[in-house]
Amino acid sequence: MSDHIVSSFAEDMQGLRTELFRMGHLVVDQIDSSVKALKSRDDQLANRVRLNDKQVDAINDDIEERVMSILALRHPYAVDLRETIAALKVARELERIGDLAKNCAMRVGVIIKDDKIKGTKKVVKMGKQVSANVAMAMKAYEDRDTDLALDVWFGDEAIDDYCNAVFETVMTGMMADNSNINGCTQMTFFAKNLERMGDHATRIASASHYVVTAESIREKRPKSDRTSTTRYLLEDDDEED
Amino acid sequence: MSQSKIKFSCRDVRVAYSGKEALHGIDIEIEDQGVTAFIGPSGCGKSSFLRVFNRMNDTIPGCKVTGIVKMDGEDIYAPTLDPVLLRARVGMVFQKPNPFPKSIYDNVAYGPRIHGLAANKAELDEIVESSLTKAGLWDEVKDRLKDGGTGLSGGQQQRLVIARTIAVSPEVILMDEPASALDPIATAKLEELIDELSKKFCIVIVTHSMAQAARISDRTAFFHMGNLIEYDQTSNIFTNPTDSRTQDYITGRIG
Amino acid sequence: MKNLLLTGMAATALIIAGCGGGDSAPKKSTTKTETTKTTATAKKAEIRVVGSSTVYPFSTKVAQEFKNKTGQNVIVESTGSGGGHKLFCEGIGSTTPDMTNSSRRQKKSEFDKCGANGVDDIIEVKIGFDGIVLANTIDAPQMNLTLKQVYQAFAKQVPMSDTDCTMQDNPYKTWADIDASLPATKIEAYGPPPTSGTRDAFVEIAMEGGAKKYACLKELRGKDKGAFKVASHTLREDGHWNDAGENDNAIVQTLGNTPTAIGIFGYSFLDQNADSVKGANVDGIEPTFENIASGDYGIARSLFFYIKKANVAANPGIQEFALEFTAEEASGPGGYLEEIGLVPLPDAERAAYRAAVENLTPYSQ
Amino acid sequence: MSSSPSIHASERALKRLKKRHARERRFKVMGLSAIAIAVMALIWLLYSVIGTGYKAFYTHSFTLDVEMTESVLDPTGARDPDALRKSNYRRIVQNAMYERFPDVTDRKAKKELFDIISTSGAPNHLRQMAYNDPSIIGQSFTITVPTSDDVDQLLKGNIDRDLDESRRKVSDRQIAWVDQLMETGEIKSGFNKGFFVNPDSRDAELAGIATAFLGSLMTLFVTALMAIPVGIGAAIWLDEFAPRNRFVDFIEININNLAAVPSIIFGVLGLAIFINFFGLPRSIPIVGGLVLGLRALPTVIIATRATLMAVPQSIRDGALSIGASHVQAVFHHKLPHAGPGILTGSIIAMAQALGETAPLLMIGMVAFLTEVPNSPTDPATVLPVQIYIWSSNAERAWVEKTSAAIMILLLVLILINGFAIWLRNRLEKRW
């Protein structure tokens, strides 16, 4: 794509992109770290994740500001307009993912107090999948790769399946031994958080699709997470489809 | 481009100045309803094309127009058609406000006078008042109709020119960058007026300001190097143009 | 809408109004000094006179008197002698001049041209003399020149000696170079340009006269008139002779600023400017009215006018005008033309020309 | 900004700056001196013209008792007006003068005495009176007539009384008489009305500019009538309707050339066309006006085209765009817009025409006329020509007459140009 005639406009857009990619990397790191903290029962690492979230928030604020300034000063049209709006959306999704990662990290402290809580392995596997999906969504955005974006979109089904599996495992554990209900609950929340991160990743993929085609992904998203609706009444959050 | 009536239809319209072709075969259909905007870089031929519709190109020495231009199905370049009459039906507003160096009243009354549209003074007064009202200028000038038209502010002058144009009861109003010499407030007023006028007149506007085209037009045609590149609903042109040249132009890239 | 046309008309109207107003004003106000009274007389045919600028002052004076006495209008145009003859000889009838003035005799060629155009009967009238003077400013020493010295001073080329007519470029720079008795000042003259009748007369009378003082040139004149003319008529171009304008007043003024310069102009200008310039004596004769009239002063020419007889029949006023011109009251001694510088003819000649006018006797070349 | 001295504050820069300022000062001084020279030339011109010319606006007149002796004027007693015209009124005036100074007996002194009064003006005055009313023959009354030009010059101080008698036009005796008459009030100075209402005359004391002034007005009228409409029409055609081709280019180049052609050429042209071909009489304002009209035509065309071209194209476009025809656009909008400029150009062309002499020489407007013209078909002359004629007259009194005529011409020119400026301002102020 050729450069803007006004080079400072091009620089603004590039800066927005760089910040967004930095945020993406940071958020993926946060997911990985929180999962790692769970796996290695490292409370300190979990703590660091909690603290690092401030950084994510800061980048989000920065991106919001950049978008505002581009809209106000550059009056972007067409692809520029779409990219600017998408950047705002993607940053928001990343920020949410960051929040969820922080939330996970906070639960690590409770979970690691009890050795007997089951499902860690499954959650770690799930976490890796989620992290990979987020990274892939960002890659799709970065490369304007609509196919990759669609992969992310459909890849979310696997995460939902993981989530269901974790739920079953942890539930079974709780039924067997109700002394560690607290830890188990935390574990389910951990998994649920990861599942929601996956949802956010699909939205990032959709946004990158929009940048290129001016259309969001229209296909019905595969949905196999039954945890919220079928078996248990857990507190719901702002998930909307 | 759906149910609305077609006002102008052009087939392979070419405009040449002293043998040098400035427009290379334009095919377009201008709808009767709403505002059609022509955008494009300077020298792309959009103003030349605008002047095709009222044969103002005839007044430029060495300018030659070929192709078929039909207005309501009638060939406006037919030898039997009188350009003077055509221009009464297709009014034009220019880049720089050009009121006549006469009184405000005479500016508006000039057209009706030469075309004999008013039978007496009272009728003429009525035409002047209604034209000025439609142009949103009546309240500002009703107490000084005898004052010079050139004494008004730029925005007022441009609205006076519009009043002068609509006093002849045209079907179409062509506007050649009408706001380029105006400040933002005058521009805003003018845009509002265009919006208002578009309910009664077919309006074709050439503009350099993409924001303006985006704000006021229903359809936008993008011209580049004497060619019509893209012609679509304005919302499509400004969010998702299909041609990369359009894309580059409206996003401000080197094309 | 029609601003411009209206204003244009207004301007035009203004000019007309100005015209009309001015037009009637002199008629309404009968002033004490008014010389004309157009209202009382039926308009008579105009008499048209063209020709010499030297005769012009005299002709106009007579025209004025004639108008006063008869109410008939005489239009006098100053076209120069040559121009006058040209117009005069174009034909007969009311569209051609009735008379032409001339500061020289009509040439053969002009006479022939007249004849070719049907202007057969021409009455020639000599009206008097006009002296040409060489003058310098009043404060400079009195010049006493001979015609030969005048020739020596102004000719482009002069003979080597009285007997040797090999021409040499004029070697004289100062008057003393010509004759030791003359002042040792630079020879510098302001004279009329070649278009002027005064110049013709000066060259013909003074220069030719001076040239003839060279024995060999006199001989040459007998043998080869053309060569003599070249030798005598060519004025020097090395800065010692300057062509001034036609206007003799300008020459008079120049003399006041350049005390060493000599000016050449008509006698009447010397007469009028006696307070600032004085005339050089030529061959010992002072340029005075009496000396010119008596013929003693060497550089004087005759002034003429010519009447077209064919026009007199249609307009008898022409003859009356000529009679007024030749009347004693006008061109005679003490007449009003003498007052403005005309030197009258001797009595006999005057009577002869008067008779020619009375009888409308044509002349022949 | 860096803390190191800016390149604009370096030594070399300051030097350059100084040089630039010096150049500017030099230019200003040059411009100022050019203006000063022009102004000085103008002041000198005005000083020399007005300094000598103002004296022509007053003159001296002689009040004299005359007796219209019947035996001199009308010995037959027929009282025939035409015969009365030719009577010897000079004698009457002479007698009146001798009566006034009975001591003068010497013949030469008598002539000198008679020369105090206008020798042409006084008899003619009586002639007119007798012609209008023959019944005054035989009566006595008082007339006021101009003094001779020499006496007038003496009293105006233009003749040096201290000079030797032989070198001035007024004799010692005449000076004594004139002084005496001044004392008694018989010679009085007063406004020279005759200068404005009289036609030309050979006698300086009687000459006036009426013929030339009216001739100028009439000539100019004809000039305006011809040059302005034709010129404006031609300019409009060239500017708006002429096809772009070589022929039109050729015409345009020639119009520009024509404006630079020496004006005498137009005289030759006028002579050939109007007098020789059409057979119009010489010396009449119609021919003069037509010739000057030809002379002014290129100027009017060029001025009109320049102003037409300066009219913004947008005005014409505006008119065309609401359906005005080409002619309407030009006549309703372009022309009124260019009006003030065209008017100014035309008036200046007229002023130029007013000052022309050369072309008029060719068509006989350098004529001596004793009558004021009543219409453009009467012979007339024009002011510049009158000035030209007067300037070559020998008598001293003509100097001031010439200057005064120049003053009148300048005044007319100033009025015309002032009118042009006034008109332009007035028309331009409207919008």
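Per chain, numbering begins at 1; letters A, B, ... match sequence-line order.
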Self-check item: Pair D:Arg396 + D:Asp150: basic N to acidic O under 4.0 Å
Solution: no
Quiz item: Hey, are C:Glu329 and C:Lys69 close enough for a salt bridge, meaning a charged N less than 4.0 Å from a carboxylate O?
Solution: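 Result for this pair is yes, salt bridge flagged.
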What part of [X] is in contact with chain D, defined as an atom under 4.5 angstrom from a non-hydrogen atom: side chain, backbone, both or neither?
X: C:Asp248; value: neither
X: C:Ile340; value: both
X: C:Phe58; value: neither
X: C:Val74; value: backbone

Between [X] and [Y] (side chain of the first, backbone of the second, donor and acceptor by atom type, cut-off under 3.5 Å), is there such a pair?
X: C:Thr254; Y: C:Ala250; result: yes
X: D:Arg85; Y: C:Thr70; result: yes
X: D:Arg168; Y: D:Arg161; result: yes
X: D:Thr119; Y: D:Asp115; result: no

Quiz item: So, D:Trp390 and D:Asp200: side-chain donor and acceptor under 3.5 Å apart, yes or no?
Solution: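 Yes, side-chain donor-acceptor contact under 3.5 Å.
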Quiz item: Without hydrogens or angle criteria, can the side chains of C:Gln64 and D:Asp203 be said to hold a donor-acceptor pair below 3.5 Å?
Solution: yes
Quiz item: Do any pairs count as a disulfide (SG to SG under 2.5 Å) and have a residue in residues 46-94 of chain C, sequence neighbours left out, and if so which ones?
Solution: C:Cys89-C:Cys114
Quiz item: What do you reckon, is CZ of D:Phe213 surrounded by more than 12 foreign heavy atoms closer than 6.0 Å?
Solution: no
At a 4.5 Å cut-off on heavy atoms, which part of [X] comes close to chain C: side chain, backbone, both, or neither?
X: D:Arg282; value: both
X: D:Ile389; value: side chain
X: D:Ile228; value: neither
X: D:Asp164; value: neither

Sort out for me which of [options] touches chain C most, counting heavy-atom pairs under 4.5 Å.
options: D:Ser120, D:Pro376, D:Pro281, D:Ser216; value: D:Ser120
options: D:Trp398, D:Phe368, D:Tyr388; value: D:Phe368
options: D:Ala122, D:Pro229, D:Ser391, D:Gly208; value: D:Ser391

Quiz item: So which of C:Ile138, C:Leu87, C:Val49, C:Thr79 has the biggest tally of heavy-atom pairs under 4.5 Å with chain D?
Solution: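 If we count pairs closer than 4.5 Å to chain D, C:Ile138 comes out on top.
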Self-check item: Closest-packed option against chain D by number of heavy-atom pairs under 4.5 Å, given C:Lys61, C:Lys278, C:Gln272, C:Arg48
Solution: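 Result: the option with the highest number of such pairs is C:Gln272.
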Quiz prompt | D:Tyr89 six-ring face occupied by D:Arg127 cation (under 6.0 Å, within 45°) | solution = no
Practice problem: Anything in residues 90-98 of chain C with a heavy-atom distance to chain D below 4.5 Å? Please list those residues in order. | Solution: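 The list, in residue order, is empty: none.
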Quiz item: Side-chain contact, heavy-atom cut-off 4.5 Å: D:Val145 with D:Ser118?
Solution: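 Contact flag for D:Val145/D:Ser118 side chains = no.
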